[in-house]
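Read the numbers this way: they start at 1 and go in the same order the structure lists the ligands and their atoms. Note that the structure is predicted; figures quoted are calculated from it, not measured.
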Amino acid sequence: MGNRRPLIAGNWKMYKTGSEAVETARQLVKLVEDVTNAEVMIAPPFTAISYVSDIVRNSRVSLGAQNLFWENEGAYTGEISSAMLVSAGCKYVIIGHSERRQYFGETDETVNKKIKAAIASKLIPILCVGESEKEREGKNTFSVLDKQVTNGLEGFLVNELETLVIAYEPIWAIGTGKTATSDQVQEVHLFLRSLAEKKNGNMLAKSIRILYGGSVKPDNVTELMGLPDVDGALVGGASLDAETFSKIVHY
Ligand code: PGA
């Protein structure tokens, strides 16, 4: 696995009020005090980020956001900029999650702009890619992923992508309890790493972290993390409970 430090990231989606988020973050900080084998990140909803930031400061838990807008500031009602996320304590930002593509009209082009904004602010982008069930059945998985990665990362210099994280999240495995098989996951992760090599060279391909997401649970994480090209997990449902998420972190 080279020197890639595993990342276990929790995506809380649209769950938890400020006080609920604080409570879970408090529990999690305690439960993962001893963890050294992986970096732990949680991405609360925007309204809880600042509160959670106070709780996780000087702990093993890093903070992320679930989205951003690419402009620095301006008349963009309802949007949040990368500078705002940095000042609220974020280190990571999830970009192009399939739910955002599906329900909020995100495209590879908007994803590209968001990644640019994140990198300019020194936030670590987590680019989410993944195929639908129909695309997999139609044997289009690799072409779909190729397009998402190629267009999402168009126009960057190799050194700008040094911190980039890619999350492979097959849409049919998100929140469904259906995890991709180890063979399916490893095959795709290897494909994504080869794609990174083809476009950005061997150094980046070796260092880039590729996470798997989609119904990751305490009972399947060990097998997933044992795969040679899996460098971590992006966890939705099972990250909402501190004890369950801590079990995943202690894979
Ligand atoms: P899930 O979600 O773990 O609930 O399947 C993963 C994600 O959407 O990031």
Side-chain angles (χ1 to χ4, degrees), residues 6-16 20-21 24 28 32 38-46 48-49 52 61-68 90-106 111 114-115 118 123-133 135-136 141 144-145 148-149 152 164-182 184-185 188-189 192 209-225 227 230-251:
L7 171 65
I8 309 290
N11 171 12
W12 286 359
K13 307 193 179 184
M14 200 176 73
Y15 290 98
K16 297 187 191 291
E20 288 165 351
T24 307
L28 185 66
V32 303
E39 189 176 355
V40 185
M41 183 275 262
I42 46 176
F46 286 137
I49 288 177
V52 172
V61 181
S62 300
L63 194 57
Q66 302 172 19
N67 182 29
L68 52 56
C90 288
K91 177 175 175 187
Y92 288 91
V93 58
I94 298 168
I95 294 178
H97 189 281
S98 60
E99 286 151 17
R100 296 217 52 87
R101 295 179 192 251
Q102 194 179 342
Y103 306 129
F104 303 101
E106 294 215 7
V111 164
K114 291 181 177 199
I115 294 176
L123 281 168
I124 301 177
I126 302 179
L127 164 62
C128 299
V129 297
E131 81 288 1
S132 66
E133 191 151 38
E135 288 162 343
R136 177 163 281 270
T141 299
V144 167
L145 295 172
Q148 289 174 341
V149 170
L164 175 80
V165 177
I166 295 178
Y168 169 55
E169 299 202 305
I171 296 169
W172 48 271
I174 296 178
T176 57
K178 281 195 219 167
T179 330
T181 65
S182 292
Q184 287 171 328
V185 174
V188 167
H189 281 228
L192 291 170
R209 289 183 291 179
I210 306 176
L211 316 184
Y212 169 77
S215 300
V216 175
K217 301 272 171 344
D219 61 7
N220 59 24
V221 66
T222 312
E223 183 174 339
L224 289 162
M225 291 303 292
L227 300 172
V230 172
D231 308 309
L234 183 53
V235 187
S239 72
L240 294 170
D241 175 70
E243 282 193 22
T244 308
F245 190 48
S246 164
K247 282 187 193 145
I248 293 176
V249 169
H250 289 90
Y251 60 87

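Residue A173 approaches ligand 1 through these ligand atoms, each under 4.0 Å from one of its heavy atoms: 5 (O). Listed by atom number, the atoms of ligand 1 under 4.0 Å from G175 heavy atoms are 1 (P), 4 (O), 5 (O). Numbered from 1 in the order shown, with element, the atoms of ligand 1 that lie under 4.0 Å from a heavy atom of G214 read 5 (O). Within ligand 1, counting atoms from 1 as listed, the ones closer than 4.0 Å to a heavy atom of N11 are 9 (O).
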Taking it one step at a time, do Y212 and V188 satisfy side chain to side chain contact (heavy atoms under 4.5 Å, CB included)?
CA-CA 10 Å; Y212 169 77; V188 167; over 6 Å; no
What's the verdict on side chain to side chain contact (heavy atoms under 4.5 Å, CB included) for V40 and F245, showing C-alpha distance, side-chain angles and the deciding distance?
CA-CA 10 Å; V40 185; F245 190 48; 3.9 Å; yes
May I have the step-by-step check of side chain to side chain contact (heavy atoms under 4.5 Å, CB included) for V230 and M225, ending in yes or no?
CA-CA 6 Å; V230 172; M225 291 303 292; 4.1 Å; yes
Give the intermediate values and the outcome of side chain to side chain contact (heavy atoms under 4.5 Å, CB included) for residues I174 and E99.
CA-CA 10 Å; I174 296 178; E99 286 151 17; 3.6 Å; yes
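At under 3.5 Å, not a single nitrogen or oxygen of G213, backbone or side chain, sits near a nitrogen or oxygen of ligand 1. Polar contact with ligand 1: absent for A238 (N/O pair, distance under 3.5 Å). Ligand 1 has an N or O atom lying under 3.5 Å from an N or O atom of S215, backbone or side chain. The distance criterion of under 3.5 Å between nitrogen or oxygen atoms is met by G236 with respect to ligand 1.
When all heavy atoms are compared, the tightest approach of P218 to V221 is O-CG1, 3.6 Å. Taking both residues in full, the closest heavy atoms of A118 and V93 are given as CB-CG1, 3.7 Å, listed atom of the first, atom of the second, then distance.
Here S98 has no heavy atoms under 4.0 Å from ligand 1, in either its backbone or its side chain. If you look at I174 next to ligand 1, the close heavy atoms, those under 4.0 Å, come from the backbone and the side chain alike.
The closest side-chain donor-acceptor pair between Y168 and E131 falls under 3.5 angstrom.
Environment of CZ in F46: crowded, with over 12 heavy atoms of neighbouring residues, nucleotides or ligands closer than 6.0 Å.
Among all non-hydrogen protein atoms, the one lying nearest atom 9 (O) of ligand 1 is E169 OE2, 2.7 Å. Of the protein's non-hydrogen atoms, G237 N, 2.8 Å is the one closest to atom 4 (O) of ligand 1.
A heavy-atom distance below 4.5 Å is found between the side chains of E169 and H97.
Between atom 2 (O) of ligand 1 and the options K13, H97, E99, the minimum heavy-atom separation is to K13.
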